[in-house]
Structure formats: C-alpha cells, structure tokens
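Reading through the structure tokens given below for one structure.
Sequence lines set the chain letters: A, B, ... in the order given, protein chains first and strands last, and positions in each chain run from 1.
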2 protein chains.
Amino acid sequence: MAKRGSYAKGVAKREEILTRALEVIAREGFRGASVREIADAVGLSQAGLLHYFGSKEQLFVEILRKRDEIDAGRFEPGDMELAEMREGYLRVIRHNSEVPGVVELFSRLAVEASDATHPAHEYFLQRSALIRQLFTETVRKAQEDGRMSDRVDAEILARLFQAASDGMQLQWLLDPDVDMAATVDALFQLLAPVPVQADAAG
Amino acid sequence: MAKRGSYAKGVAKREEILTRALEVIAREGFRGASVREIADAVGLSQAGLLHYFGSKEQLFVEILRKRDEIDAGRFEPGDMELAEMREGYLRVIRHNSEVPGVVELFSRLAVEASDATHPAHEYFLQRSALIRQLFTETVRKAQEDGRMSDRVDAEILARLFQAASDGMQLQWLLDPDVDMAATVDALFQLLAPVPVQADAAG
DNA sequence: GTCTATATTGAGATAGAC
DNA sequence: GTCTATCTCAATATAGAC
C-alpha cells in the first residue's frame, strides 16, 4: 500500500487549496500577493499553508501547474491538427483574459525563474519545451500538407507563437483593452497558405 | 537663467550615475539588484544614490530611459523605411543579447508596472505606444507599396512585432542559447511580399 | 551633496502548543 | 494538521551630521 488514508487526504487537501487559490487569484488579482494573503483567502493561517508547500515559490509553481492541468482540458484530446490547435490555443488565451491575476503571477514568475537556481526554473523550462514541441509537430504536419506557409522552419514558428502569446500578455497587463486572442490569431492568419490570386504579380 | 551652476552639475551627475548603473547592470546582471548594490557599484552610499532619484522605482525608470536614449542611436535618423526599421530593430535586439541584466530589469519592471499606480506605469505606456506608432507607420507604407503583406492590419502587425520581441526576451532569459534576433527576423521574413512562383497552386 | 545611522516595514520561515 | 507567536532578514526610506 503506497497510500495510507491520511496521506491520500493530505493530497486531496493540497489539491483543494490549489483550486481555491487559483480561483481567488483569478477573482481578486495577484498584485504580488503574499503567502499570508493567499492563506487568508483559502482559510488557513500563513503557517498552515506553508505546511503543505514548504515555501512561497513552491506554492506558486504548484498553482501554475494546477492551472496548466485545467487549461489542458481546453484542448481536444489526442493528436492535434492545426485547426484544433488554433481553437484550443485561442480558447486558453480567451480564458486568460478573464483572469488577469493568473496572467500576472505567470509573467512575474517567468522572469524571476530565469535564474537557474530558482525553484520554478525547471517548471518553466519543461512547460516551455512541451508547448513548443506540440506546436512544432502540428505546424510541421500542416506545412507538409500545404496547409501552412513553409517559409519559416516549424521550430522557429513554434517559438514565435509562444513569444507572441507571452508578449501579448505583457501588453494586455499594461492595457486590458488589447485583444490578446485576436492578435495572436492574426499570426495564424499570416501563416495560412497563400491563396492563388489572378493578380498575384501585382 | 533657468540653470545655475550647481543645478547643471546635479543634472550632469545624474546622467553619469545612470550611465554607470547601466554599464554595471549590463556587465554584472540584475537579479533583482537592490538600491544598495547599485549604489556600491556606482560609488555612492545608498542614501547618496536615493538623494538623486527619490525612490527605487524612479531610479529604475530612469535607467531604462537612459537605455532607450542609447538604443535610439542604433536606428537611422529621420523617416524610416522598412529595411532600415528592420536593421535598427535587429541591431537593438542583438545588443540586448549582450546585456542580460538590462533585459531582466526591463522585463521585471514591465510586469510590475502593469499596476496603474506603479511609478513606471506611464513610462511603459508611452514607450509602448511610441514603438507601435513607429512600426505602424513604417509597415503601413510598406504595405501600400506592396513591399509587405497586407493580410493583416498594420496596427495589429505592430503589436505582433512588439509581442514577439518581448516574448523572445522571456524565452532567452530562460535559455540564453535562443537566438532572439534570428527569431524576430523570421517574422519579418514571413511578411515579405509573396514571391510569384510558377507552381504557386501547389 | 554625501555620509552614517536608524526607523520602519514587510515578508517568509520556523518553533512549539494543542 | 493547524494555529499563535516569534525570529530573522532584507530592503527602502529618512533624519541629521558634516
């Protein structure tokens, strides 16, 4: 038996805390929230919360992992075609524009975790690589079938998509009127195969 | 007389401090440097440094403004054509990859300044708008002349360029092997007008 | 204008009771 | 497992001497 009752219960509680923390950050924003504030919000003392996560940074990483887990459900399961990838990605981005606090937490941590000794460094490296891998595969297939421009290598395009969405988050945090999803979608449009036009020569 | 000697000297000293601070951050990185560390680096006490800038955030904004001032010199003067814009932009990006500390300072502050009450909020709004305006104008002219794809509106393209470069900074901070300039240049390539091909119909 | 010294604050971490 | 209380540290900001 790998799990005794109490252990399983501890895990369940952890999950519950993360879900509630995510809700609270989504609803009330982040603004550099302290462990104390999150503890209040989820109905624990600061020490009580840290009992589960050890440190502030570990708590934040786990919150972001929980978010990823939920976002994964916004994609179609299974092997991805370009159209589904586009739909799923835009769905996630549209959802993000409902939860500025989560976007802020993500962006902050992304910068801080650039230090190789930061507890979130591995998380960002792996997440980043995974997303690019999914994009690269989907884009490459689409390029082979002529459903996407092949002027630029698939791996570079994957990086550009990721950069566009991360960068749009910064623009949107600064000015919430910006339409993140529409702007990222413009990049998809740019990559649609060139329609054959009678006057293509100008 | 708007300036007495002592006032002009104060200004000169400020400039000198900013230039040195920028050099130090470029050379030694940022890593959330404290006012104290920057003060040491420029040869002043912490209080001495704050005497000139009032607060930490104001100091950081001024450092970034000084950086912008220097970067402006990396562009050709005068009205910009697409090719010069591209050259200048890539030149700035290539320079950035020599100064990770400056990129980190910029990225950190960009997130923190999303709060409208943050002392750097206005700076980022204005800088952001200015860059987009330059891009929009240049792109629009290029689109009118057929030197750039007009599948996507110039303002949206301007946002995409900005997002791509900001987003690539995040990727590069996490993994310095990434080639920021080459990736952003790929976006320029994508936008070059479509060459007329014999087999355009596939 | 610059320094030393100190006030103040804020936060995360930890000890120990229950 | 959870709380209260406390420790510790880091950092900015400020007062006041020179």
key: Whole angstrom value for the distance that separates P of dT12(D) from CG of Leu59(B)   = 10 Å
note = From CD of Gln58(A) across to C1' of dG12(C) the rounded distance in Å is 13 Å
Leu50(A) CG to dA13(C) C1', straight-line distance once rounded to whole Å = 7 Å
ask   = Does a side-chain N-to-carboxylate-O contact under 4.0 Å join Arg65(B) and Asp68(B)?
value = no
message = Using whole Å, what does the distance between atom P of nucleotide dA13(C) and atom CZ of Arg36(A) come to?
response = 15 Å
note = Residues passing the salt bridge (charged side-chain N to carboxylate O under 4.0 Å, His left out) test with Lys56(B), sequence neighbours excluded, are none
inquiry  = Distance check needed: dT12(D) P versus Glu112(B) CD, whole Å only.
reply    = 12 Å
ask   = To the nearest Å, how far apart are His118(A) NE2 and dG12(C) P?
value = 12 Å
task = Determine, for Arg140(B) against Glu137(B), whether the closest basic-nitrogen to carboxylate-oxygen distance falls under 4.0 angstrom.
result = no
ask   = Going from CG on Leu59(A) to CD on Glu62(A), what distance comes out if it is rounded to the nearest 0.5 angstrom?
value = 8.5 Å
key: Contact state string [nucleotides 2-10 of chain C, B base, S sugar-phosphate only, - no protein heavy atom under 4.0 Å]   = BBB------
ask   = Which value, rounded to the nearest 0.5 Å, describes the distance between Phe53(B) atom CZ and Phe60(B) atom CZ?
value = 11.5 Å
message = Just the rounded figure in Å: distance from P of dG1(C) to CZ of Arg14(B).
response = 12 Å
key: side chain to side chain donor-acceptor pair (under 3.5 Å) involving Glu155(A) - partner list, sequence neighbours excluded   = none
Rounded distance in Å - NZ (Lys56(B)) to C1' (dT14(D)) = 17 Å
